[in-house]
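One-based numbering, in listed order, for ligands and for the atoms of each.
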Amino acid sequence: MEIIIQPTPEAGGIIAARIIAKLVRTKPDCVLGLATGSTPLATYRELVRMHHDEGLDFSRVTTFNLDEYVGLPPEHPHSYHAFMDEHFFGHVNVPRARIHIPDGMARDVPAECARYEAAIVAAAGIDLQLLGIGTDGHIGFNEPSSSLASRTRIKTLTERTRADNARFFGGDLAQVPFHCITMGVGTIMASREVLMLAFGARKADAVAAAVEGPITAMNPASMLQMHAVAKCVVDEPAAAKLSRRDYYRWVFANKPDWQRIA
Ligand code: PGA
């Protein structure tokens, strides 16, 4: 895994946006896997800026989001449909028909999950999957003990995740759904490139376990050690518990020119 340590979440978000923008420029019909939560916000801000200021064109891009809460309709203000509209899709030119987010209102959840997997296959797979990491090491909503081979399915959120996410629901834990539909770890692993972001001291333990610990379903993000093209962008507080952080800094500072992120 390539570890990129940046001074602030803003700087990390800009690096992530440049990685994504480079893909969009070189492969205008690329398939992006997208994430929600606080972590990718700086990335979306920078991509929106690039769209407005530099003409970064998303008109041929296809997107698949990682997850959605079960029981929240798209128009619910705390649904991930609404989140994506507010922070990204409402400001760029991804065609509506190319946007995919699991349907949290599906009557037949297993059928919806199978449909989602089939749609990813029909789009020829995900080129780059953007990820956050939970304080418990989840990616998507693959909580600890998730099968490392799992595909899109229903999951039950841990109480820790519900508590972490209550801030999006005005701090009201009772409003946070118990279930979600999420891409599986296997779905994420099938993407051609993964880009995980983690910012803040509260992510430091999960990041250290994911990057330097054993591969274990107890920290689903650790499975990314098995991905051939995985990058992890962290700020200093999130990097604080990485024992090899000086080496990661040195690697990033000494990249050959052709590998540099413009
Ligand atoms: P956060 O969530 O970005 O809101 O911290 C990350 C995650 O749960 O994957």
Sub-4.0 Å heavy-atom approach of Arg167 to ligand 1: yes
Ring centroid separation Phe141 to His138 under 6.0 Å: yes
Aromatic centroids of Tyr44 and His87 separated by under 6.0 Å: no
Chi angles and distances behind the side-chain hydrogen bond (donor to acceptor under 3.5 Å, both in side chains) call for Thr63, Arg98: CA-CA 6 Å; Thr63 67; Arg98 291 186 183 277; over 6 Å; no
Taking atom 6 (C) of ligand 1 as the reference point, the nearest protein heavy atom with its distance: Ile133 O, 3.6 Å
Atom 3 (O) of ligand 1 - nearest protein heavy atom and its distance: Thr39 OG1, 2.4 Å
Contacting atoms of ligand 1, where contact means under 4.0 angstrom from a heavy atom of His138: 7 (C), 8 (O), 9 (O)
Atoms of ligand 1 close to Gly37 [distance to a heavy atom under 4.0 angstrom, numbered from 1]: 3 (O), 4 (O)
N/O separation below 3.5 Å, Lys203 to ligand 1: yes
Thr36 N/O to ligand 1 N/O under 3.5 Å: no
Parallel, tilted or perpendicular: ring planes of Phe169 versus Tyr69, cut at 30 and 60 degrees: perpendicular
Phe88 and Phe58 aromatic ring geometry - parallel, tilted or perpendicular at 30°/60° bounds: perpendicular
Main-chain N/O of Gly213 paired to Gln225 side chain as donor or acceptor, under 3.5 Å: yes
